[in-house]
Structures are given as C-alpha cells and as structure tokens.
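The structure under discussion appears below in the form of structure tokens.
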Amino acid sequence: MSSPIIVPVNNSASGAVAGTYSALRKDIASWLNRTDLTDQIPGFVKMAESEFSRDARLRSSFLTAEVSGYTPHGEFALPDDMLELMELRFNGDQLHELTFEEGRHASAGQYFYRRGGVAVVVGAPSGQWSLIYKQKLPALVFDGDSNWLLRDGYDVYLWKCCELGSVFLRDSEAATGYNAKYELAVEQMMAAINSQRWGGASLAVRAPGVV
C-alpha cells in the first residue's frame, strides 16, 4: 500500500519561520487535524526527543562541548546535559573507562569509572580534569523555547511528532505516511550537513597499506 497523502486543514508556514515550541505544537495539531490534543501533544514532543537521541543518524550530529576543572580527591560531577562521554583527560593524560566493579577494585593506572553521575579517577589523585562530551538535545518546555534541531530540521520534529500522534489516534495508515516523511527529512538534513562538512567532495578510499 502506498503512503497516504496527508494534508492539514490549515497549512500555515508560521512554524517553519518561528521555529519555537509554541509554533510546533500548533502545527502538529493542524497536520493531525485535531483540536482536542492540547494535553497530549507535549507528550508527543517528549517522546520524539527521546527517539532523536536514539537515532544514530541524528545522534552523530548532536553538538559537542568541553568542560574542565580541578579536583582534590579524584572525583567530580559529570555534566547534567551529557548524552555521551567522548574523552576524559586528567593532568593531560587520557583516561580509559572501567566498569563500576572493575573500577572500585582498581588501585592504579590511567583509569576512571562512574558512580552514578560522578566520575571517579582510580587512585583518588588531585589534579586538573577536562572532558569532551556529546550534549543532549535541549528539551522544549516553554512556548518560546527552541533548539538547533528545531531551527535546522523543523520538519524532522514535525513529522516524528505527527507519526507519534497518529499512533496515539490508532491511525496506522497516517503513522506510516508520517514515518516516511520523517525518514526522508532526516536523510535530506544529514545530506546537507555532510555536504557542508565535506564540501560535497567524494571520499577517497586508499588501498590497503597505503599511507
């Protein structure tokens, strides 16, 4: 079965222009052609944001951040907005992560482990730490809220929320159609990001052994 053509009752372009949480909610209601989902739409948005964090294609484009500090006892809190730890250095040396069980029985070496939201450096040394991490997508909470994905990929947000809304409404045909739109929007956005990163140049593959 081909994907249905879904047309909103009032297809306003205001959402694409404003790129805010308020505009997104209005557009979701418009595309779903419903006026009785005011209480449910914020839930669709939260679920969509959770799925974005698990989508490997989108996750690869999430923003990275670097923070640093000093600890007198080898422990420090990890950032609240951390989605993925990419690199941790202590006094200039890169540390390798151990599991909690491995870490609490270790006594020396360039290692660390996590205890809840705290990084623990093996041996409890004092010194400077720095870490690079991938940030979580900032959640939309207030009407005027926005984030990089809503600004750069408004349709990605919109189609995923409409897909989840259609699932809630038990409209499997519409959910399939919105999922197709979401997949296409993600592909197009990632192609644009990759083109910007690499200037549209094709990647050269070296023969084995060639340096």
Note: [X]-[Y] ion pair, threshold 4.0 Å (strictly below):
X: Arg25; Y: Asp143; value: yes
X: Glu49; Y: Lys46; value: no
X: Arg57; Y: Glu183; value: yes

message = Set out, in order, the CA-CA distance, both residues' side-chain angles and the distance that settles side chain to side chain contact (heavy atoms under 4.5 Å, CB included) for Phe52 and Val156, then state yes or no.
response = CA-CA 9 Å; Phe52 296 154; Val156 171; 3.9 Å; yes

Are the side chain of [X] and the backbone N or O of [Y] linked by a donor-acceptor pair below 3.5 Å?
X: Ser166; Y: Cys162; result: yes
X: Gln135; Y: Leu83; result: no
X: Asp145; Y: Tyr21; result: no
X: Asn194; Y: Met190; result: yes
X: Arg59; Y: Ser53; result: yes

Hey, are the side chains of [X] and [Y] touching, using non-hydrogen atoms and a 4.5 Å cut-off?
X: Thr71; Y: His73; result: yes
X: Tyr133; Y: Glu84; result: no
X: Trp31; Y: Cys161; result: no
X: Val45; Y: Ile28; result: yes

Closest heavy-atom pair and its distance - [X], [Y]:
X: Gly69; Y: Gln128; answer: O-NE2, 3.0 Å
X: His105; Y: Glu101; answer: ND1-O, 2.8 Å
X: Val167; Y: Ala175; answer: CG2-CB, 3.9 Å
X: Trp159; Y: Ala185; answer: CD1-CB, 4.0 Å
X: Pro72; Y: Ser126; answer: O-CB, 3.5 Å
X: Tyr182; Y: Leu58; answer: OH-CD1, 3.6 Å

Does [atom1] belonging to [X] count more than 12 external heavy atoms closer than 6.0 Å?
X: Lys26; atom1: NZ; result: no
X: Asp80; atom1: CG; result: no
X: Tyr111; atom1: OH; result: no

Do you reckon [X] sits in the same ILVMFWY cluster as [Y], going by side-chain contacts under 4.5 Å, direct or chained?
X: Leu88; Y: Val122; value: no
X: Met86; Y: Val67; value: no
X: Val121; Y: Trp129; value: yes
X: Leu164; Y: Ile41; value: yes
X: Leu137; Y: Leu85; value: no

Distance (rounded to the nearest 0.5 Å) between [X] [atom1] and [Y] [atom2]:
X: Glu163; Y: Glu51; atom1: CD; atom2: CD; answer: 6.5 Å
X: Met189; Y: Asp152; atom1: CE; atom2: CG; answer: 7.5 Å
X: Leu150; Y: Asp155; atom1: CG; atom2: CG; answer: 10.5 Å
X: Glu87; Y: Leu95; atom1: CD; atom2: CG; answer: 9.5 Å
X: Lys160; Y: Asp55; atom1: NZ; atom2: CG; answer: 7.5 Å

query = For Asp27 and Tyr157, does a side-chain donor sit closer than 3.5 Å to a side-chain acceptor?
reply =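 Judged by distance alone, the side chains do not pair up.
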
Residues in ring pair (Phe, Tyr, Trp, His ring centres under 6.0 Å) contact with Phe168, at least two apart in sequence or another chain =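 Per chain and number, Phe168 pairs via ring pair (Phe, Tyr, Trp, His ring centres under 6.0 Å) with Phe44.
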
inquiry  = Could you walk me through whether Gln110 and Gln94 satisfy the side chain to side chain contact (heavy atoms under 4.5 Å, CB included) test, starting with their C-alpha distance in whole Å, then the side-chain angles of each, then the deciding distance to 0.1 Å, before giving a yes or no?
reply    = CA-CA 7 Å; Gln110 303 296 325; Gln94 184 170 349; over 6 Å; no

ask   = With clusters built from Ile, Leu, Val, Met, Phe, Trp and Tyr whose side-chain heavy atoms come within less than 4.5 Å, directly or transitively, what are the remaining members of the cluster of Val141, listed by chain and number?
value =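 Same cluster as Val141: Phe142.
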
inquiry  = Is there a side chain to side chain contact (heavy atoms under 4.5 Å, CB included) between Tyr178 and Leu158? Walk through the geometry before answering.
reply    = CA-CA 9 Å; Tyr178 283 124; Leu158 178 61; over 6 Å; no

key: Contacts of Leu78 that satisfy side-chain contact (heavy atoms from CB on, under 4.5 Å) - sequence neighbours left out   =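 Leu78 satisfies side-chain contact (heavy atoms from CB on, under 4.5 Å) with Phe76, Met82, Arg114, Ala119, Leu131 once adjacent residues are dropped.
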
task = Go through Tyr113 and Arg104 one step at a time and tell me if the side chain to side chain contact (heavy atoms under 4.5 Å, CB included) criterion holds.
result = CA-CA 8 Å; Tyr113 62 98; Arg104 71 191 192 96; 4.1 Å; yes

